[in-house]
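The sequence lines fix the lettering, A, B, ..., with proteins before strands; numbering per chain opens at 1. Keep in mind that this is a model prediction, so the values were computed, not measured.
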Amino acid sequence: MSQIRVRFAPSPTGFFHIGSARTALFNWLYARHTGGVFVLRIEDTDQARNTETFLNIIYDSLTWLGLNWDEGPRVGGDFGPYRQSERASIYREHLGRLQAAGRTYEKDGAVYFRISGEPQVIDDAIRGRVERTEEKDFVIVRSDGNPVFHFVNVVDDITMRITHVIRGEDHLSNTSKHTELFKAFGAPLPVYAHIPLILKQNGPGKMSKRDQGALVEEYQRRGFLPEALVNFLCLLGWSPKDDSEKMPIAEVIRRFDLPGINQTNARFDEKKLAHMNMAYLLELPPERYVKLAREYFARPPAGASAAAAPRANALSADEAYFREVMLLSQPKVKAIEELPAYTACFFTEDFPIDPQARDKVMGKGDPKARLRELAAALQAADFSSDAALEGTVQALAAKNGLGIGDYIHPGRIAVSGTGVGPTFYGLLRVLGRDRVLRRIERFLGAA
RNA sequence: GUCCCCAUCGUCUAGCCCGGCCCAGGACACCACCCUUUCACGGUGAGAACCGGGGUUCGAAUCCCCGUGGGGACGCCA
């Protein structure tokens, strides 16, 4: 058999959502798995609803996800143009063939396709044999002269030599229209593979563009890693059949195949996505982690909850310092979007003190005395390494017959205002002696 | 309403095609414990499912039928 050719055919009529991304992904995976060709085709026949903005979002989202196309807009190919709005003459020519064969008629200014009425049988690669009879003639050219989806979709699949149509199950019922057209053109049917739908996580129905967490762009802005989102999406409707979940994309490509795709709709679960993202974030190389953090600080999504001042300070801070703060936080934080709040105490003296954490720590023993002892010890301490600071605190605790926790807990509150944060010694080292001592002093004065 | 697809823990799923190894395995979430300077990671453990009813069979999560439930399509949207 000749080379496998698949296509992803979005229409730029709205934001790019998770369901579309997954369809694109499965097509891409199948092309890469088989050494075939992944075609991007823009279905922009609905002139009233298409926008250039939405078109660019499609390109950007696919690129961000790493789903590169072999043929299509921007890269060209032998079967272009790849935007339906530029293929009018091709559609005209094909319409002529249908007219010549007596398969069309006009009504109310629109062109109708005369169906055969025979049962349409498709041998779906995922669902098996599906039979459905198309019962009504349908419009293929609107009265305004623009061709309709069913018609252009089939004409393009024929002329672009598409061998496998991998698309959402919502198209399964449309397929009988499409096979009627294929037959009317005397063209062989492609292999169909109708993949299950992604259901919204709350409430009934399939996920749509307006649902919470539906937009690919949103994950990008929230600092998610594309490889994590892709990995998560791979597992929504496809399974490698053993217990593997987190896999490099090369491994998914190697193992992916149509028979491995499920038949049941899958509910989107943002918690599992978040977990996958964390797993990737923890092992991200430092350079990429810092870059991702900086991008997030520079352009947080609207409504992100973090004080503006420390965020601005972070951006104007010394690059090496910013890097150090972020890398100190990397092993502790589950998502990039936690970073501004998590690191705020590194970028401002005006950080809030968590009253609950303070009361808990300051309520037992004599924490003020411990803070004074800690401050005194830090006067002469070596701040050049975490290990040196650890030695200082350990020696102090040993000298006074106390546990290191007796110093660390109040110290953390005094220096960062919160009970949670990076390692205590890292916190001290990155903040530096002057700021640490000043903060302890201030805290003792206020307490 | 008509037609089409589907049905295993709360969620994603393995097992189903080729019935016995499954009083059903993994992951997320949740809970407990351990690790630990906080938090997070990690480790250990607990709870948690074969939609219902009929068949077929020595034997059914697995095969068949019917119900029920979920999803989708029925546009001069794509």
Side-chain angles (χ1 to χ4, degrees), chain A residues 9-14 20 42-46 48-50 84 107-112 120 122 124 126-128 130-136 138-150 152-153 167-177 194 196-199 201 204-206 232 235-246 259 262-276 278-279 281-283 329-334 338 342 357 360-361 390 393-394 397 403-413 416 418-425 427:
Chain A
S11 64
T13 54
S20 302
I42 303 299
E43 305 220 332
D44 53 352
T45 56
D46 185 354
R49 296 199 300 151
N50 293 315
Q84 291 183 332
K107 198 171 89 181
D108 303 327
V111 180
Y112 281 73
Q120 300 299 307
I122 65 164
D124 193 280
I126 295 167
R127 293 172 198 274
V130 179
E131 201 173 313
R132 185 173 186 276
T133 306
E134 197 57 37
E135 283 169 347
K136 287 195 319 223
F138 55 93
V139 172
I140 54 174
V141 181
R142 286 186 269 261
S143 52
D144 67 4
N146 283 309
V148 165
F149 162 72
H150 301 297
V152 294
N153 187 273
R167 54 167 31 161
E169 199 224 61
D170 49 344
H171 285 293
L172 190 54
S173 302
N174 288 329
T175 306
S176 46
K177 286 189 175 70
H194 285 94
L197 267 20
I198 297 178
L199 270 24
Q201 48 188 342
K206 64 171 175 171
F232 170 77
L235 266 17
L236 224 48
W238 173 80
S239 158
K241 304 302 177 195
D242 59 13
D243 293 331
S244 315
E245 293 205 331
K246 183 162 173 289
N262 293 96
Q263 316 201 357
T264 43
N265 294 164
R267 202 167 288 277
F268 185 81
D269 181 4
E270 64 181 349
K271 290 236 179 72
K272 187 139 188 174
L273 203 209
H275 181 266
M276 186 66 79
M278 177 200 71
L281 235 27
L282 284 173
E283 61 180 38
S329 308
Q330 181 178 12
K332 298 291 189 169
V333 138
K334 295 169 114 166
E338 293 175 21
Y342 193 83
K360 188 178 169 209
V361 171
E390 185 173 5
V393 174
Q394 276 172 344
I404 48 176
D406 292 314
Y407 293 98
I408 286 174
H409 296 304
R412 179 184 291 283
I413 285 286
S416 72
T418 166
V420 304
T423 69
F424 183 60
Y425 310 112
L427 179 67

In whole angstrom, give the distance that lies between atom [atom1] of [X] and atom [atom2] of [N].
| X | N | atom1 | atom2 | answer |
| --- | --- | --- | --- | --- |
| A:I198 | B:C5 | CD1 | P | 22 Å |
| A:F424 | B:U36 | CZ | P | 19 Å |
| A:L273 | B:A27 | CG | P | 19 Å |
| A:E270 | B:C12 | CD | P | 14 Å |
| A:F268 | B:G71 | CZ | C1' | 18 Å |
| A:M276 | B:G26 | CE | C1' | 13 Å |
| A:R412 | B:C39 | CZ | P | 9 Å |
| A:Q263 | B:A14 | CD | P | 11 Å |

Span that lies between the [atom1] atom of [M] and that of [N], in whole angstrom:
| N | M | atom1 | value |
| --- | --- | --- | --- |
| B:C22 | B:C9 | C1' | 14 Å |
| B:U8 | B:C16 | P | 15 Å |
| B:C63 | B:G47 | P | 29 Å |
| B:C17 | B:G1 | P | 35 Å |
| B:C50 | B:A32 | C1' | 28 Å |
| B:U38 | B:G52 | P | 47 Å |
| B:A29 | B:U13 | C1' | 15 Å |
| B:A27 | B:U44 | P | 9 Å |

Does [N] pair with anything, Watson-Crick or G-U wobble, both distances under 3.5 Å, and if so, with which nucleotide?
| N | answer |
| --- | --- |
| B:C30 | none |
| B:A7 | B:U68 |
| B:U38 | none |
| B:U2 | B:A73 |
| B:A24 | none |

message: Check whether A:F138 forms a cation-pi arrangement with A:K177 (NZ or CZ under 6.0 Å from the six-membered ring centre, at most 45° off the ring normal).
response: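 Flagged: A:K177 positioned over aromatic ring of A:F138.
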
query: If you look at every strand shown and take non-hydrogen atoms under 4.0 Å, does A:E135 touch a base, only sugar-phosphate, or nothing?
result: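 Answer is nothing: A:E135 stays at 4.0 Å or more from every strand.
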
- request: Using a heavy-atom cut-off of under 4.0 Å over every strand shown, decide if A:Y425 touches base, sugar-phosphate, or nothing.
  value: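 Here A:Y425 touches the bases of the nucleic acid.
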
message: Side chain of A:D243, heavy atoms from C-beta onward: which of B:C5, B:G25, B:C28 has the nearest atom to it?
response: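 It is B:G25.
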
Selected nucleotide, minimal atom distance to A:L236 side chain, candidates B:C12, B:C28, B:C6: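 When the side chain of A:L236 is considered, B:C12 is the closest of B:C12, B:C28, B:C6.
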
Could you tell me whether the side chain of [X] and the main chain of [Y] form a donor-acceptor pair under 3.5 Å?
| X | Y | value |
| --- | --- | --- |
| A:D108 | A:A110 | no |
| A:D242 | A:S244 | yes |
| A:D406 | A:G403 | yes |

query: For A:T264 and A:G405, take the nucleotide of RNA chain B holding the closest heavy atom to each; which residue's nucleotide lies nearer the 5' end?
result: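 Result: A:T264.
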
- prompt: When the nearest nucleotide of RNA chain B is assigned to A:A266 and to A:E390 on a heavy-atom basis, which residue is associated with the more 5' position?
  reply: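 Result: A:A266.
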
- prompt: Quick one: which of A:R132, A:H194, A:Q120, A:E134 gives a side chain to side chain donor-acceptor pair (under 3.5 Å) with A:T175?
  reply: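 Checked A:R132, A:H194, A:Q120, A:E134 against A:T175; only one passes side chain to side chain donor-acceptor pair (under 3.5 Å): A:H194.
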
Show me the protein contacts with nucleotides 44-47 of chain B, counting only N or O atoms at under 3.5 Å.
none

Below 3.5 Å is the cut-off: list the nitrogen or oxygen pairs between protein and nucleotides 15-17 of chain B, distance only.
none

task: For nucleotides 72-78 of chain B, just jot down a letter per nucleotide in 5' to 3' order: B, S or -, based on protein non-hydrogen atoms under 4.0 Å.
output: BS-SBBB

- request: Compare every heavy atom of A:E245 with every heavy atom of A:L235, then report the nearest pair and how far apart it is.
  value: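 Scanning both residues, the minimum pair turns out to be CD2-O, 3.6 Å.
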
field: Side-chain-base donor-acceptor pair under 3.5 Å for A:K271 and B:C28
entry: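 Result: no qualifying N/O pair found.
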
- prompt: What about A:K272: does its side chain form a donor-acceptor pair under 3.5 Å with the base of B:A27?
  reply: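 Flag set: donor-acceptor pair detected.
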
message: Please tell me if A:H409 has a side-chain N or O lying less than 4.0 Å from either OP1 or OP2 of B:U37.
response: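 Checking B:U37 against A:H409, no side-chain N or O comes under 4.0 Å of OP1 or OP2.
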
